[in-house]
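Structure first, commentary second.
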Amino acid sequence: MSIDPIDSREASAAAILLLDHVAAAERAGHRRLRAAAEHFHLPDDARIDDRTAAALDAVMRAMVGGIDATVRDHAIRLLTARGQAALAQGLRGAGSPFDRVVRAGLFRDPALFGELFARVRLDAIAQGLPVMVTGAGDGPTMVARLAQSSDRLVAAAAVSMLAAQARRGGMVEGVPAAVELVRPLYARLAWWVAAALREMAGAGEQIAMVDAALAESVRRAIDAQGELVPLEVAAMRLAQAIEPQGEEVGALLAEAIGDGRLILFTALVARASGLAFERVRDLVIDPDGARLWVVLRALAVDRATIARIGFALAESEPVRDVEGFADRIDVIMEVTPDAARIALAPMALDADYHAAMLALGAAA
């Protein structure tokens, strides 16, 4: 049996490729081992359950897909209009940038991951809430009722929230009708998607033309996104328009939780307490609940309303201890509004300042 001789230049090239692959495989193996070790040593209360992980993956894919469609389509139009049909075709044929940006660590950014994780958790809790509205089905839901308010500011804010809610769930040809993120997070996501598309476009020496088209497309997308009102912002504007006072706070919170409007519930608590929406949202999604009960006591919410909220949240998530909450309600009510406000004072500080305080405390 004879073996055909191999050109020494081809052998050298193949050897170099093999050695490069070995080095890459070594790095990949090290990353996998490190990730496995980190996952193994996670405490149980820090692990993400399969349902949340699947929902997070879906949200991440949807956001990347939505921005990909917006940026890619406009860049293709620009390249075509500039007489660069081959470059446009290369960009059109590039695959999805999702896996690339994930491997590069886009969603390890604490601000971006924290926002998406909190949204997924809040949505999951809201879906599990029992419907407790008196006469449910016989009249408009809470926000729809507010949209009919005689107060024009309240009505307009409620209509805006309804529109934001509909937009968030909307899909067009398999991608989100809109990607709702605050401008800094949207911009970060858009630039990463553009960079991944650049890699996959196969433009070679003509990469500058692709760069120009992608950069223009990203800037256009960021400017257009600034006109959208995210659901969380719309909820805060509605809470501001309502401006609940005294005993109105408890009644509105009970109605919001009973109607399954957990984002509006969060916004109402944030507005009444003076805390940031994101800070209150963290309390709402925390299964322990202790911080949320103290916030509600700072607002002088009565026992019946706190019990209603607590049992509704406990029913929405099996991980919450409903019996423990029942045993704790007496202790919760012993906390005076003044004592609760003093205990919560650090949470009203600048977010970065408060985060630094927590970090120093954890390292002590």
Side-chain angles (χ1 to χ4, degrees), residues 56 58-75 77-78 97-98 100-102 104-123 156-157 159-172 175-198 211-241 263-264 266-267 270-271 274-282 285 349-355:
L56 261 175
V59 168
M60 292 173 178
R61 288 181 183 276
M63 288 197 167
V64 170
I67 291 179
D68 174 18
T70 299
V71 171
R72 188 196 304 244
D73 289 352
H74 189 65
R77 287 176 53 201
L78 291 175
F98 179 76
R100 183 68 184 94
V101 297
V102 169
L106 172 61
F107 293 108
R108 289 182 177 274
D109 175 69
L112 180 57
F113 181 84
E115 175 64 25
L116 301 186
F117 176 74
R119 285 190 185 184
V120 165
R121 286 279 294 121
L122 203 67
D123 287 346
V159 169
S160 177
M161 183 174 173
L162 288 172
Q165 180 73 65
R167 186 169 56 243
R168 175 159 295 181
M171 301 288 287
V172 178
V175 298
V179 175
E180 292 186 353
L181 286 170
V182 293
R183 186 184 180 95
L185 296 183
Y186 184 94
R188 178 176 175 80
L189 195 54
W191 286 118
W192 277 60
V193 167
L197 289 174
R198 178 189 194 273
D211 284 340
L214 287 172
E216 187 173 333
S217 297
V218 170
R219 287 192 291 268
R220 171 180 175 269
I222 293 172
D223 289 342
Q225 189 272 344
E227 300 174 1
L228 296 177
V229 178
L231 180 55
E232 292 79 9
V233 174
M236 281 301 296
R237 290 179 179 176
L238 178 53
Q240 181 178 1
I263 289 180
L264 181 55
T266 303
R271 180 63 186 177
L275 298 175
F277 178 91
E278 293 78 12
R279 189 68 54 80
V280 175
R281 182 174 59 184
D282 288 343
I285 66 176
L349 298 173
D350 181 88
D352 290 336
Y353 186 27
H354 187 245

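The first residue in the sequence is number 1, and the count goes up from there.
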For side chain to side chain contact (heavy atoms under 4.5 Å, CB included), just list the numbers for Val179 and Thr70, CA-CA rounded to whole Å, side-chain angles, deciding distance to a tenth of an Å, and then say yes or no. CA-CA 10 Å; Val179 175; Thr70 299; over 6 Å; no
Kindly write out the residues that satisfy side chain to side chain contact (heavy atoms under 4.5 Å, CB included) with [X], not counting sequence neighbours, or none if the list is empty.
X      : answer
Asp211 : Arg198, Ile207
Ala156 : none
Ala190 : Ile67, Tyr186, Val218
Ala111 : Asp109, Leu185

Heavy-atom closest contact ([X] atom, [Y] atom, distance):
X      : Y      : result
Ala239 : Ala267 : CB-O, 3.6 Å
Val229 : Ala234 : CG1-N, 3.7 Å
Phe113 : Phe107 : CB-O, 3.2 Å
Leu214 : Ala75  : CD2-CB, 3.9 Å
Ala196 : Val101 : CB-CG1, 3.9 Å

Considering only heavy atoms from C-beta outward, does the side chain of Leu238 approach that of Ser160 to under 4.5 Å? no
Are any of the side-chain heavy atoms of Val64 and Pro97 separated by less than 4.5 Å? yes
What pairs with Arg237 under side-chain hydrogen bond (donor to acceptor under 3.5 Å, both in side chains), at least two apart in sequence or on another chain? none
Pairing residues for Gln225 by the side-chain hydrogen bond (donor to acceptor under 3.5 Å, both in side chains) criterion, not counting sequence neighbours: none
Go through the steps to decide whether Arg219 and Trp191 satisfy the test side chain to side chain contact (heavy atoms under 4.5 Å, CB included), and finish with yes or no. CA-CA 9 Å; Arg219 287 192 291 268; Trp191 286 118; 4.2 Å; yes
Kindly compute the distance separating [atom1] ([X]) from [atom2] ([Y]), expressed to the nearest 0.5 Å.
X      : Y      : atom1 : atom2 : value
Arg167 : Glu180 : CZ    : CD    : 4.5 Å
Leu231 : Ile263 : CG    : CD1   : 4.0 Å
Asp68  : Arg61  : CG    : CZ    : 12.5 Å
Leu56  : Phe117 : CG    : CZ    : 7.0 Å
Leu197 : Arg72  : CG    : CZ    : 5.0 Å

Sequence-distant partners of [X], salt bridge (Lys or Arg N to Asp or Glu O under 4.0 Å), two or more places apart:
X      : answer
Arg279 : none
Asp223 : Arg183
Glu216 : Arg82

Pair Arg281, Arg119 - check side chain to side chain contact (heavy atoms under 4.5 Å, CB included), show working. CA-CA 9 Å; Arg281 182 174 59 184; Arg119 285 190 185 184; 4.0 Å; yes
Val102 and Met60: side chain to side chain contact (heavy atoms under 4.5 Å, CB included), yes or no, with the steps? CA-CA 9 Å; Val102 169; Met60 292 173 178; 5.7 Å; no
